[in-house]
Structure formats: C-alpha cells, structure tokens
A.B. asks: 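Right, I'll just put the structure down here and ask away after.
As the structure lists them, so they are numbered: ligands from 1, and atoms in each ligand from 1.
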Amino acid sequence: MSDTAKLTLGDIQQELPVIEGTECERGIDIRQLRARTGLIAYDPGYGNTGSCESAITYIDGEKGILRYRGIPIEQFAENPNFIEVAWLLIFGDLPSEEEYHSFAAELKVHANLDEGMKHQFEGFPRSAPPMAILSAMINALSCFHPELHELEDAESVRSTTARLLSKIRTIAAYAYRHSRGLPYMYPDPKLRYVPNFLHMMFSRPYDEFLCDETVRDAVNLVLILHADHEQNCSTSTVRMVGSSHANLFASCAAGVCALWGPLHGGANVEVLRMLERIHQGKITPEEYVRLAKDKESSARLMGFGHRVYKNFDPRAKILGQMAERLLSYTGKNDPLLDIARRLEEIALEDPYFVERKLYPNVDFYSGLILRAIGIPTNMFTVMFSMGRLPGWIAHWWEQRQNGDNKIMRPRQIYTGRNQNDYVPLAKRP
Ligand code: CMC
C-alpha cells in the first residue's frame, strides 16, 4: 500500500503524503500543496475535506456505526446518563466515581443564573425564537465570567464546562417560561441534571413537576444521542470561531446559530411540521413523498438523508424504539408516530431514496419523544443544543490543545470581474 499520493498536472509533479487514522480511513495531506504548486483544493460543502485530526467520535457512515471515544452509542442506551457521556467526550475517559460525583456537585452549584441575566429575558418579545435567546444568552454569560475567557489548563476548562452545561439548561427553561409568561423556577439543588431541567420547565409555584424514571431516561438518551457527531456544521462552526482564539462562550453561541438551520438541528422542528401537515389531512404520506422527490419543489422528506450516513443512522434506530416505548408507557397514542412509520416504509421502498441511500436520521423520531414529554416544538432545537454542547466543548478544547492549531481560513476560486476602473458617480451611465 502506498503512503504517498502522486499529483500530475502539466509540468507539476508532486508527491503528497497519505495519513491514516486508527480505524484505517485515509486522507491525502495537502498542507504543502499551495506552497509547492500554487494550486488549491476545491471542495464546496467540504464533503471531501478533513479539517482536523480528532480522537473524540468515530462514524462509519456506510455501516451505520457511531462511537464516542470508541464506545458504541448503543451501549449508552441501557442506563443513560448524559453527564457521564459529557465527561467522556470532553475529558477522554469515563469519569471515576469520585470525578463523577464532584462534577455533578459542581453542576448543582452553577445552576443559577446571575440575577442580572433574568432581566435580559424581559427584553425579548414573547414570540422570540428560543434559539435566538439561547445563543444571545450563552454569549451574555461571557460578560459575567470575564475571568474564564482565557482557558489554558484542564482545571479551568472543567470549571467553565460545569458552568456552561449547567446554565444552558436554566437558560433553555427560562426561554420557554418567558415565551409562556410563566414565572421563572429556580433550579432545585436536590434534583439531578435532567429532572432539574424538567422542574424548571414544568413546575409551577407550589406545584412541583415530578419526573419519573422513564421520562428521565428518555431525556437523558435524547441528549446523549445528540452529544457529538464529529465535524458537523455546528461543531465545525465552533472550531472555526475557536480557531481565532475566541472564548468558549462565544464559540458555543456560534454553534447554536449554526445548529438552528433546517438542514441541520432545525430539521427536528420541520419533521414535526411535516407530520402535522399530513395529520391535518393537507397532504397524504404518499403525496408528500412524491413532492419530496420532485425537483421542481423545494420540499424534502425532513429527517431523511445525511451527508455521512449512507445506511441507517444508528441514532434514529434507538430513538424510534424509544418513541414507541415511551408512548406505550404513557398510554398515549400519538397518530404522528404512525405517520412517521408510514413515511419511513414508503421511502425505504422507493427507488429514489434507495438509490440515493437516504435513511431516517436523528431528527426523524427525536421530536416524537420530546412531544410525548410535553416539550413544545419550538424548543426541539434548543434540546438538540443542550445535547450537542459537550461535543462543542470537546472539540473546542481538543483544538486548543493541539499545538498545530491554525486560524481557519479557507481559500477560494475567484470568479468575479477582472481589474476595471472606478467611475465617479456623475460619470456613471
Ligand atoms: N428528501 C428528498 N431528497 C433528498 C433528501 C430528502 N430528505 N436528502 C437528500 N435528497 C436528495 C437530494 O435532492 C440529492 O438528489 P440529486 O442527487 O438528485 O440532486 C441527493 O439526495 C443528495 O442530497 P444532497 O443534498 O446533495 O446531500 P447532502 O449531503 O448535501 O445533504 C442533508 C444532507 C441532511 C442536508 C439532506 O439529506 C437533507 O436536506 N435532509 C433533510 C433535512 C434533514 O433531515 N436534516 C438533518 C440532518 S441529520 C442531523 C443534523 O445534521 O442536524
């Protein structure tokens, strides 16, 4: 097997080294390409571009494999614990008992927001999209913690991580309370991570929301399955922003903005809209699939397809089963689940989807679980952000630790006008 690639273009002949990862995936190292040849690599959408080496998450899109630090995600489904997974992703190993308990205690200490931040929620209109509030408030956190802008060691990263992981859930819950005109509920230090979040979402003064184990496990699982997905759009955004040495709060706030889009995390909202449209009888599943295939229409089968997976997204499999389990546990029959199953059935037998290898992705079933718990649709992508936060932090920190960290600055192929002259306003036609 050759460990160099040969590039020939006219007189140019170059040997380019090939690098190999621990799972044997290989890439051509073109770092010297422009300096040696004047050429750049052209790859809009970066489908063929490796932006970094990373030891956090492994995906095999052909086989439908996803592992966090080498552990298959299916293994987290048995006893789901989001905090454990967050630690694993960020610090590299599962926490020891002592690490786990002291980190959980730290999360409790940092759950409250500065009282000054509460006033900032008041400035947003009731109808403000919670993703806009989330991004703004994560950025605002940096104003309250200027001492955490420069993070050089694992200790300061740990304490900033504890603040971010803990406060994102308070911000998320307050964004929801604000949109409903409900009083903000302070975090309860007696509660664990997920029950505390659900308490801040759903408790009312003198009427505490009680979270049972099944609901707690379902939310933990949803968060875990969203926790990292290597160089996706929002994580690449966090790395891009972080590469300028922007602080962790600012970098994660940018990640929230990237996640908001309907082709990325916002797809979970679009899936629900699509299912509701069908449920309301505005279109049948068959007609919707036909529309999604029609190149004249902008409709897509939301929650289907993935840049990396050309097979079942393993997260969708687990979430589909969890949706069924949760609904049967709560005794609720959600007609949207039947519609989702029907759409899946039609698409998986349709040559359009088969040939393009389009399968259900993480967003296809996650919304049905959140809906069963009572989370409103406009909070779905906020939940995705809460889940993805450990991944963003892990990548930001990995990049910081890497001595080879350069500011990210892609090149382009210029296709504009050639040189021409400035014409004063009075002389323009
Ligand atoms: N419905 C109908 N056609 C589709 C779909 C879909 N959901 N997804 C891809 N295609 C078609 C697309 O039209 C194209 O066809 P053709 O080759 O004839 O031009 C082909 O499949 C390849 O699609 P692409 O857009 O070039 O693929 P991509 O890797 O750039 O995009 C994607 C991946 C996820 C953005 C896309 O599949 C999509 O828009 N899916 C729907 C939105 C969605 O569910 N997004 C969530 C992604 S997973 C979680 C996350 O990242 O947040």
Side-chain angles (χ1 to χ4, degrees), residues 43-49 57 59 61-62 64 66 73 131 134 222-239 254-275 277-278 283 285-320 340 343-370 377 379-392 395:
D43 185 23
Y46 307 136
N48 307 283
T49 297
T57 287
I59 304 175
E62 305 300 324
L66 171 59
I73 48 145
M131 284 298 274
L134 186 66
V222 168
L223 296 177
I224 288 171
L225 295 179
H226 287 86
D228 192 39
H229 215 235
E230 47 119 308
Q231 309 310 320
N232 58 86
C233 177
S234 56
T235 303
S236 298
T237 300
V238 171
R239 278 186 177 261
V256 172
C257 294
L259 192 72
W260 193 357
L263 295 188
H264 192 12
N268 54 17
V269 173
E270 299 305 322
V271 170
L272 243 284
R273 289 201 181 125
M274 172 183 79
L275 298 177
R277 244 183 102 196
I278 297 172
I283 188 165
E286 290 74 10
E287 282 165 352
Y288 194 91
V289 171
R290 222 171 296 136
L291 192 67
K293 296 189 294 179
D294 181 356
K295 297 293 174 196
E296 300 296 306
S297 132
S298 61
R300 285 197 162 195
L301 186 54
M302 299 312 287
F304 253 73
H306 198 277
R307 173 64 60 81
V308 180
Y309 293 117
K310 301 302 163 200
N311 198 326
F312 257 93
D313 179 335
R315 301 167 300 175
K317 271 193 201 162
I318 301 173
L319 289 170
L343 282 171
E344 179 180 347
E345 202 175 81
I346 302 171
L348 293 182
E349 285 180 1
D350 189 309
Y352 173 98
F353 290 89
V354 174
E355 281 157 21
R356 290 171 178 75
K357 300 185 176 167
L358 304 171
Y359 292 87
N361 61 46
V362 68
D363 294 313
F364 198 63
Y365 288 109
S366 60
L368 293 171
I369 296 176
L370 298 176
T377 311
M379 287 290 290
F380 287 3
T381 319
V382 170
M383 298 294 295
F384 194 152
S385 310
M386 278 172 56
R388 185 53 54 91
L389 184 63
W392 292 336
H395 283 272

A.B. asks: Any N/O of Arg307 closer than 3.5 Å to an N/O of ligand 1?
C.D. replies: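 Yes; at least one N/O pair falls below 3.5 Å.
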A.B. asks: So is Leu301 polar-close to ligand 1, meaning N/O to N/O under 3.5 Å?
C.D. replies: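 Yes; the residue has a nitrogen or oxygen that sits under 3.5 Å from a nitrogen or oxygen of the ligand.
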A.B. asks: What are the two closest heavy atoms between Leu225 and Val362, and how far apart are they?
C.D. replies: O-CG2, 4.4 Å
A.B. asks: Looking at ligand 1, does any of its N/O atoms fall within less than 3.5 Å of an N/O of Phe353?
C.D. replies: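 In fact, backbone or side chain, Phe353 has no N or O that close.
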A.B. asks: Heavy-atom distance from atom 27 (O) of ligand 1 to the protein below 4.0 Å?
C.D. replies: no
A.B. asks: Measure the distance from atom 40 (N) of ligand 1 to every protein heavy atom, then report the residue, atom name and distance (to 0.1 Å) of the closest one.
C.D. replies: Phe304 O, 2.9 Å
A.B. asks: Where is the nearest protein heavy atom to atom 10 (N) of ligand 1: which residue, which atom, and how far?
C.D. replies: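 Sorting protein heavy atoms by distance from atom 10 (N) of ligand 1 puts Leu358 CD1, 3.6 Å first.
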A.B. asks: Measure the distance from atom 14 (C) of ligand 1 to every protein heavy atom, then report the residue, atom name and distance (to 0.1 Å) of the closest one.
C.D. replies: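 In this structure, atom 14 (C) of ligand 1 has Lys295 NZ, 4.0 Å as its nearest protein heavy atom.
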A.B. asks: Report, in ascending order of atom number, the atoms of ligand 1 lying under 4.0 Å from any heavy atom of Gly265.
C.D. replies: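 The list of qualifying atoms is 52 (O).
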A.B. asks: Is it true that the NZ or CZ of Arg356 lies under 6.0 Å from the centre of Tyr352's six-membered ring and within 45 degrees of the ring axis?
C.D. replies: yes
A.B. asks: Under 4.0 Å from a heavy atom of Ala267: which atoms of ligand 1 are those, numbered in the order shown and with their elements?
C.D. replies: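 Atoms satisfying the 4.0 Å criterion: 43 (C), 44 (O), 45 (N), 46 (C).
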A.B. asks: I want to check something: taking the side chain as every heavy atom from C-beta on, are Tyr309 and Asn361 in contact at a cut-off of under 4.5 Å?
C.D. replies: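 No. Closest side-chain heavy atoms not under 4.5 Å.
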A.B. asks: Would you please indicate yes or no on a ring centroid separation below 6.0 angstrom for Phe312 and His306?
C.D. replies: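 Judged by ring-centre distance (under 6.0 Å), His306 and Phe312 do not meet the cut-off.
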A.B. asks: Could you tell me the residue and atom name of the protein heavy atom closest to atom 45 (N) of ligand 1, and the distance to it rounded to 0.1 Å?
C.D. replies: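 The closest heavy atom on the protein side is Leu263 O, 3.1 Å.
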A.B. asks: Atom 52 (O) of ligand 1: which protein heavy atom is closest, and how many Å away?
C.D. replies: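 For atom 52 (O) of ligand 1, the nearest protein heavy atom is His264 ND1, 2.7 Å.
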A.B. asks: So, Lys293 and Asp350, do they make that salt bridge, N to O below 4.0 Å?
C.D. replies: yes
A.B. asks: Starting from atom 31 (O) of ligand 1, find the nearest protein heavy-atom neighbour and note its residue, name and distance.
C.D. replies: Arg300 NH1, 4.5 Å
A.B. asks: Should Arg273 and Glu270 count as an ion pair when the cut-off is N to O under 4.0 Å?
C.D. replies: yes
A.B. asks: Let me see the working for Thr49 and Asp43 under side chain to side chain donor-acceptor pair (under 3.5 Å), right down to the final yes or no.
C.D. replies: CA-CA 7 Å; Thr49 297; Asp43 185 23; 2.5 Å; yes
A.B. asks: Give the minimum heavy-atom separation between Thr235 and Trp392, together with the two atoms involved.
C.D. replies: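 Reported closest heavy-atom pair: OG1-CD1, 3.4 Å.
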A.B. asks: Determine, step by step, whether Arg239 and His395 satisfy the side chain to side chain donor-acceptor pair (under 3.5 Å) criterion, reporting the C-alpha distance in whole Å, the side-chain angles of both residues, the deciding distance to 0.1 Å, and the verdict.
C.D. replies: CA-CA 7 Å; Arg239 278 186 177 261; His395 283 272; 3.0 Å; yes
A.B. asks: Which atoms from ligand 1 have a heavy atom of Gly305 less than 4.0 Å away?
C.D. replies: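 Selected atoms, number and element: 34 (C), 37 (O).
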A.B. asks: For atom 3 (N) of ligand 1, which protein heavy atom lies nearest, and how many Å away is it?
C.D. replies: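 The answer is Tyr352 OH, 2.8 Å.
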A.B. asks: Considering only protein heavy atoms, which is closest to atom 21 (O) of ligand 1, and at what distance to one decimal place?
C.D. replies: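 In this structure, atom 21 (O) of ligand 1 has Arg356 CD, 3.3 Å as its nearest protein heavy atom.
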A.B. asks: Tell me every residue that passes side chain to side chain donor-acceptor pair (under 3.5 Å) with Glu345, counting only those two or more places apart in sequence or in another chain.
C.D. replies: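 Per chain and number, Glu345 pairs via side chain to side chain donor-acceptor pair (under 3.5 Å) with Arg342.
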A.B. asks: In sequence, state the C-alpha distance, the side-chain angles, and the governing distance for Arg388 and Asn232, and then conclude on side chain to side chain donor-acceptor pair (under 3.5 Å).
C.D. replies: CA-CA 11 Å; Arg388 185 53 54 91; Asn232 58 86; 3.2 Å; yes
A.B. asks: Any non-hydrogen atom of Ala292 lying under 4.0 Å from ligand 1?
C.D. replies: yes
A.B. asks: Taking only non-hydrogen atoms of Phe364, do any sit less than 4.0 angstrom from ligand 1?
C.D. replies: no
A.B. asks: Taking heavy atoms and a distance under 4.0 Å, where does Val362 meet ligand 1: side chain, backbone, both or neither?
C.D. replies: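 Val362 to ligand 1: side-chain contact only, backbone stays beyond 4.0 Å.
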